[in-house]
Amino acid sequence: MISFENTAISFKGKSTKDLRRAYWLFKIIGNNAVVKIGKWVTNTALMLNLPINGIIKKTIFKQFCGGETIKECDRTINQLAEYGIGTILDYSVEGKTSQKDIDSTVKEIIATIEHAKGNASIPFAVFKITGIARYEILVLSNEGLGKLNNAELQEYEGMKNRVDQICKAAFEADVPVFIDAEETWIQDSIDHIVTEMMEKYNKEKAIIFNSIQMYRVGRLTFLKNRIQIAKSSNYFLGTKLIRGAYMEKERRRAEEFGYPSPIQPTKGDTDRDFNTALELIIDNIEHMSLCAGTHNEYSSTYLTELMAKKGLEKDDKRVYFGQLLGMSDHISYNLAFNHYKVAKYVPYGPVKEVLPYLLRRADENTSARGQSSRELSLITKERNRRRNKK
Ligand SMILES: Cc1cc2nc3c(=O)[nH]c(=O)nc-3n(C[C@H](O)[C@H](O)[C@H](O)COP(=O)(O)OP(=O)(O)OC[C@H]3O[C@@H](n4cnc5c(N)ncnc54)[C@H](O)[C@@H]3O)c2cc1C
C-alpha cells in the first residue's frame with residue numbers, strides 16, 4: 001500500500017530555507033484572525049497603491065505560484081520534473097471583462113499550450129471559461145439559450161468560438177486541456193460547451209477534460225450519463241474529478257434565493273460520492289481518462305488500490321493524480337516516487353492579479369479547515385529529521 005509518511009521523499013525538492021519559509025507561512029495562515037487582518041491590510045494597501053508586491057512575492061506568492069510569467073515558471077517546472085512530477089501552467093488572472101483583456105487571456109492560454117507542446121514535463125494545460133467570457137453571459141445562457149436576445153446570442157457564440165480556438169490549439173499541439181468547474185449557476189452552460197468540444201476533439205483519445213465536482217448532489221448520476229453518452233457517441237470522456245471549491249458561496253446563495261442547497265449535506269456524503277466516482281471511472285477506463293484533483297490521502301490511496309485491482313500499470317497515462325503547487329507535497333512526491341503519474345497546478349501571473357487566488361489558498365488553509373495543521377506537522381517532522389541527521 002502506498003504510504004505518504006516518508007517526509008524525506010515528500011520534501012526532497014525543498015531546501016531547509018524553503019522549509020523554514022513554508023513553516024512560518026502555514027503557521028501564519030493557520031490562524032483565522034491573522035488571515036482576516038492580513039486580507040484587510042492587503043486590500044487596504046492595494047486601494048492606497050502601497051508597494052506591497054515585493055513582500056507578497058517573497059512569501060505567499062513564492063509558496064503557491066510559479067512566477068509572474070511562463071518564463072519565470074521554468075525553474076519550478078524543472079524542479080518538479082526532477083522528481084517525476086508534471087506541471088499544469090495555470091494562468092490565474094481573474095475577473096477581466098473588457099474584450100481586450102479577454103483576448104489577451106485567450107492568447108496567454110494558447111501560449112501555455114505552445115509551451116507544453118512536446119514537453120513531457122507539462123502534461124496538461126488548463127483554463128477557466130470565466131477567464132474568457134463575461135460572467136453575465138454564462139449566467140444567462142445557463143438558463144437555456146432560448147431566453148437570449150440577438151446581442152446576447154452573438155456574445156454567447158463569441159465565447160464558444162474562443163473556447164473552440166483554445167481546444168483546437170490543444171488538439172493540434174497534442175496537449176490535453178482541463179476546463180475547470182465553477183459555480184452551479186453557470187456550470188450547466190460550461191458542461192454543455194465542454195461536451196461539444198469533447199465530441200469534436202476526443203475521437204481518438206481524451207484531449208478535452210471536463211471537471212466534475214462531487215460535493216454536488218446528483219453528480220454520480222451525471223457522471224454515469226456522461227459515460228453512456230461518450231460510449232454511444234464514440235468519443236473518449238476526459239474527466240477531472242474534484243470535490244469542489246465553492247461550498248460556502250453555493251450554500252449562501254441557495255439560502256438567499258430560497259432554493260435547496262446543491263451541496264451534499266455532509267462531508268461524508270461528498271467523500272462517498274467522490275470515491276464511488278473513482279470506482280466508476282476505473283471500471284470504464286477503456287473509454288475515459290482521469291485526473292483525480294485531490295489532497296485527500298484516503299481517496300489518493302483508494303485510487304491506487306482500484307488501479308491495482310483493475311490490473312492497470314502504475315504509470316498508466318490515463319490516470320493522473322493532481323495537486324496544487326505548495327500544498328500536499330507528501331502526496332505528490334510519494335506518488336511520483338512510486339511511479340504513479342502526478343501533476344501539479346502551477347498558478348502564475350502578475351502578483352496583483354493572482355491575489356484573489358492567493359487569498360483563496362489562505363482561506364483554505366486556515367485552522368477552520370485544518371489543512372495547515374497537516375502541512376505544519378509534516379514540515380516539522382521533516383525539519384526535525386534533518387536536524388537529527390546532522
Ligand atoms: C488539481 C486540482 C484541480 C482542481 N480543480 C478544481 C475545479 O476545477 N473546480 C473546483 O471547484 N475545485 C477545484 N479544485 C479544488 C477542489 O475542488 C477542492 O476544493 C480541494 O482540492 C479540497 O478537496 P480535497 O479532495 O483535496 O479533499 P478534502 O480536503 O478531504 O475535502 C475538502 C472538500 O470536501 C468538501 N466538503 C468539506 N466540508 C463539507 C461539508 N460539510 N459538506 C459537504 N462537502 C464538504 C468540499 O468540497 C471541500 O473543498 C481542484 C483541486 C486540485 C488539487
Side-chain angles (χ1 to χ4, degrees), residues 4 64 66 80 85-92 94 122-131 176-187 190-191 194 208-220 238-252 254 260-278 290-303 319-332 335 340-347 357 360-375:
F4 303 125
F64 296 114
L80 291 172
I85 298 170
T87 286
I88 304 162
L89 285 170
D90 179 16
Y91 183 56
S92 297
E94 300 178 8
I122 314 179
F124 300 98
V126 66
F127 71 102
K128 277 191 172 49
I129 292 196
T130 48
V177 61
F178 299 152
I179 294 152
D180 276 348
E182 306 192 54
E183 295 94 344
T184 47
W185 52 94
I186 59 171
Q187 190 59 41
I190 296 174
D191 289 337
V194 180
I208 313 301
F209 281 60
N210 201 11
S211 304
I212 306 185
Q213 299 155 317
M214 301 313 294
Y215 69 1
R216 286 183 60 177
V217 172
R219 284 280 111 169
L220 265 183
T239 298
K240 170 158 64 82
L241 198 73
I242 58 226
R243 281 183 170 75
Y246 308 99
M247 186 172 73
E248 277 98 11
K249 203 172 172 186
E250 291 281 357
R251 285 188 169 147
R252 234 181 4 250
S261 170
I263 304 298
Q264 307 262 21
T266 68
K267 168 84 161 64
D269 294 309
T270 300
D271 291 346
R272 182 203 56 228
D273 277 11
F274 187 94
N275 297 326
T276 309
L278 290 178
L290 165 71
C291 173
T294 181
H295 298 149
N296 183 294
E297 289 169 16
Y298 177 80
S299 294
S300 305
T301 306
Y302 188 51
L303 179 54
V319 184
Y320 260 84
F321 296 76
Q323 287 82 41
L324 308 180
L325 185 73
M327 288 175 73
S328 293
D329 279 346
H330 67 305
I331 296 181
S332 317
L335 282 168
Y340 290 97
K341 291 279 184 199
V342 183
K344 282 180 103 93
Y345 269 35
V346 173
Y357 174 86
R360 274 208 304 281
R361 294 288 79 77
D363 258 344
E364 194 172 289
N365 283 286
T366 56
S367 50
R369 293 176 183 239
Q371 287 267 352
S372 73
S373 58
R374 184 174 75 180
E375 298 287 354

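These numbers come from a predicted model, not from an experiment. Order of listing sets the numbers, starting from 1, for every ligand and every atom in it.
The proximity of R251 to ligand 1, defined as any non-hydrogen pair under 4.0 Å, is limited to the side chain. Contact annotation: for T294 versus ligand 1, heavy atoms closer than 4.0 Å belong to both the backbone and the side chain. Neither the backbone nor the side chain of K344 comes within contact range of ligand 1; no heavy atom lies under 4.0 Å. The side chain of Q213, and not its backbone, has at least one atom closer than 4.0 Å to an atom of ligand 1 (non-hydrogen atoms only; side chain from C-beta on). In M247, the part holding a heavy atom less than 4.0 Å from any atom of ligand 1 is the side chain. Contact annotation: for Y345 versus ligand 1, heavy atoms closer than 4.0 Å belong to the side chain alone. Counting heavy atoms under 4.0 Å from ligand 1, residue T266 touches it through the backbone alone. Residue-level proximity to ligand 1 for Y246 is carried by the side chain, the only part with a heavy atom below 4.0 angstrom.
Considering backbone and side-chain N/O atoms, K267 comes within less than 3.5 Å of an N/O atom of ligand 1. Residue contacts with ligand 1: L324 is placed with no nitrogen or oxygen under 3.5 Å of a nitrogen or oxygen of the ligand (distance criterion only). In terms of polar-atom proximity, defined here as any N/O pair under 3.5 Å, A181 does make such a contact with ligand 1. Ligand 1 has a nitrogen or oxygen under 3.5 angstrom from a nitrogen or oxygen of H295. Between D271 and ligand 1, no pair of N/O atoms sits closer than 3.5 Å.
With hydrogens and angles left out, the side-chain atoms of D273 and T276 include no donor and acceptor closer than 3.5 Å.
Closest heavy-atom approach to atom 2 (C) of ligand 1 among the candidates S299, P265, G293, S261: G293. Here atom 13 (C) of ligand 1 lies nearest to I242 when heavy atoms of I242, D273, L241 are compared. When the heavy-atom distances from atom 53 (C) of ligand 1 to S211, G322, A343 are ranked, the shortest goes to G322.
Side chains of P262 and V217 form no contact here, defined as non-hydrogen atoms less than 4.5 Å apart. Taking 4.5 Å as the limit, some side-chain heavy atom of N296 sits within range of a side-chain heavy atom of R243.
Side-chain N or O atoms of Q264 include one that pairs as donor or acceptor with a backbone N or O of M214 at under 3.5 Å. One N or O on the side chain of S211 and one on the backbone of I179 form a donor-acceptor pair closer than 3.5 Å. Judged by distance alone, the side chain of Q323 and the main-chain N or O of I331 form no donor-acceptor pair under 3.5 Å.
For T184, the side chain to side chain donor-acceptor pair (under 3.5 Å) partners at least two apart in sequence or on another chain are E250. Judged as a side chain to side chain donor-acceptor pair (under 3.5 Å), and not counting sequence neighbours, the contacts of R360 are E94.
Applying the 4.0 Å criterion to heavy atoms of N296 picks out, from ligand 1, the atoms 26 (O), 27 (O), 30 (O). Here is the list of ligand 1 atoms found below 4.0 Å of a heavy atom in Q264: 42 (N), 43 (C).
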